Peer 1: 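Right, I'll just put the structure down here and ask away after.
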Amino acid sequence: MDSDARPRSRVVIAVLDNQIEPALKLLKRELNNAGIFKEMRRRASYEKPSVKRKRKLAEAARKRRKAARRSIDAD
């Protein structure tokens with residue numbers, strides 16, 4: 001199993017009155033928010049360990065910048 005494995009949460013969408021289109025739109029939004037699409041793209045092909053390391057470092061830097069921006073906005 002991957003070292004960055006997260007606990008899986010189940011996405012449940014209720015379809016009301018056979019309204020498929022809004023339910024599908026909500027499902028896509030929930031899957032996107034859960035990171036499922038990003039995970040599928042990432043797993044589509046093999047990622048070398050060096051590339052994986054660089055990606056993780058870039059994601060961490062992006063998170064730090066976002067957190068710093070939020071803390072500045074909060075002040």
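The analysis underlying the following values was restricted to heavy atoms, covering all of them including side chains, and did not include hydrogens, waters or symmetry mates. Source: prediction; values computed, not measured.
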Peer 1: Decide whether Ile13 and Leu16 are clustered together by the hydrophobic rule: side chain heavy atoms of Ile, Leu, Val, Met, Phe, Trp, Tyr closer than 4.5 Å, transitively.
Peer 2: no
Peer 1: Charged N to carboxylate O under 4.0 angstrom, Lys56 versus Glu59?
Peer 2: no
Peer 1: Can you list everything that forms a side-chain hydrogen bond (donor to acceptor under 3.5 Å, both in side chains) with Glu30? Sequence neighbours excluded, please.
Peer 2: none
Peer 1: Can you tell me how far CD of Gln19 sits from NZ of Lys25, rounded to the nearest 0.5 angstrom?
Peer 2: 13.0 Å
Peer 1: How would you list, by chain and number, every residue that makes a side-chain contact (heavy atoms from CB on, under 4.5 Å) with Val12, sequence neighbours excluded?
Peer 2: Arg10
Peer 1: Report the distance from atom CG of Leu27 to atom CD1 of Ile36, rounding to the nearest 0.5 Å.
Peer 2: 10.0 Å
Peer 1: Looking only at heavy atoms, which two atoms of Ala14 and Ala23 are closest? And how far apart?
Peer 2: O-CB, 4.5 Å
Peer 1: What's the spacing between Leu24 CG and Glu21 CD if we round to 0.5 Å?
Peer 2: 6.0 Å
Peer 1: What distance do Arg29 atom CZ and Asn33 atom CG have between them, rounded to the nearest 0.5 Å?
Peer 2: 8.0 Å
Peer 1: Any link between Leu26 and Val15 through a network of hydrophobic side chains (Ile, Leu, Val, Met, Phe, Trp, Tyr) touching at under 4.5 Å?
Peer 2: no
Peer 1: When rounded to the nearest 0.5 angstrom, what is the spacing between CZ in Arg64 and NZ in Lys66?
Peer 2: 14.5 Å
Peer 1: Run the salt bridge (charged side-chain N to carboxylate O under 4.0 Å, His left out) test against Lys28 and tell me which residues pass, sequence neighbours left out.
Peer 2: none
